[in-house]
Amino acid sequence: MSLTFLHWRYRPEDVRRLLPVGLELETFDGSAWVAVAPFLIEGLGPPGIPAPPWLGRFPETNCRTYVRGPDGGSGVWFFSLEAARAAAVMGGRLFYGLPYMWARMRMEIEPDRVVYRSSRLWPDRAGCTDIEIEPGQAIITDEMATFLTARYRLYSVMGGRLACAEVEHAPWPLQSGQVIRMKQTLTAAAGLPEPSGEPLVYFSPGVHVRVAAPHRV
């Protein structure tokens, strides 16, 4: 999957109030961090089974922050996950308790630019993106990049109780990135204030990701 991380600093109190009971906000450099992360999923499917050509490849965009669970495990909390396949949306909601949204999405990958566009269709029409970035040179992963991208657990709420799933992947190979065009309403749809300033941008050509079945915390 090719992926772009766009991160903004937030006041911790603006993000903490949106978290469920049991999760503690993780901060870096005194700030909460919220990401809008558009990417292309390829080869989605159960282990050992060939991915269906149509269902196994589609764009997705998530809006997320970083948290610590009751057992001290670091992970990701998703405010929303936009996906272009209704079947993936239903599966993510049913089997993982994640706030997936069905959206009309388009992604263009060229040697010197990547364009992501989405418009939410269900369960509301509050979220949209129109993002163009220019990937740059490979970078050395520093402490901040590790904090923002090396996440191996996701949290959700299932049946009113906190759940988590372990995520397995190699470290993201990261490149710098420059925003050419940026429009997004995912942070506002999540109940967050409008982000201020330019985002911190990382681009990655992708890694293979495996997500385990969720379990109650």
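Heavy-atom basis, side chains included; hydrogens, waters and symmetry copies ignored.
Here Asp29 pairs with Arg9 under the salt bridge (charged side-chain N to carboxylate O under 4.0 Å, His left out) rule; sequence neighbours left out. Residues satisfying the side-chain contact (heavy atoms from CB on, under 4.5 Å) test with Asp112, not counting sequence neighbours, are Glu110.
Note on Arg117 versus Glu108: salt bridge recorded, some NZ/NE/NH1/NH2 to OD/OE distance being below 4.0 Å. Looking at Arg85 and Glu60, no side-chain N of the basic residue comes within less than 4.0 Å of a carboxylate O on the acidic one, giving no salt bridge. Arg57 has a carboxylate O that lies under 4.0 Å from a charged side-chain N of Glu42, or vice versa, which qualifies the two as a salt bridge. The pair Asp130-Arg106 does not count as a salt bridge, with every side-chain nitrogen at least 4.0 angstrom from each carboxylate oxygen.
With hydrogens and angles left out, the side-chain atoms of Arg68 and Tyr66 include no donor and acceptor closer than 3.5 Å. Of the N and O atoms on the side chains of Tyr116 and Thr4, at least one donor lies less than 3.5 Å from an acceptor on the other residue. Side chains of Thr129 and Ser118: a donor-acceptor N/O pair is present below 3.5 angstrom, by distance only. Counted by atom type alone, Thr187 and Glu194 present zero donor-acceptor pairs between their side chains at under 3.5 Å.
Thr65 and Leu19 get closest at one heavy-atom pair: CG2-CD2, 4.0 Å. Between Tyr96 and Pro214, the shortest heavy-atom contact is CE2-CD, 3.5 Å.
A cation-pi arrangement is present between Arg151 and Phe147 under the rule of less than 6.0 angstrom and at most 45 degrees off the ring axis.
Between His7 and Tyr202, the angle of the ring planes goes over 60°, which puts this pair in the perpendicular group of the 30/60° scheme.
Residues Phe28 and Glu143 have side chains in contact (heavy-atom distance under 4.5 Å, counting atoms from C-beta outward). Residues Trp77 and Leu18 form no side-chain contact, since every pair of their non-hydrogen atoms from C-beta on lies 4.5 Å or further apart. In this structure the side chain of Leu162 reaches within 4.5 angstrom of the side chain of Pro70, judged on heavy atoms.
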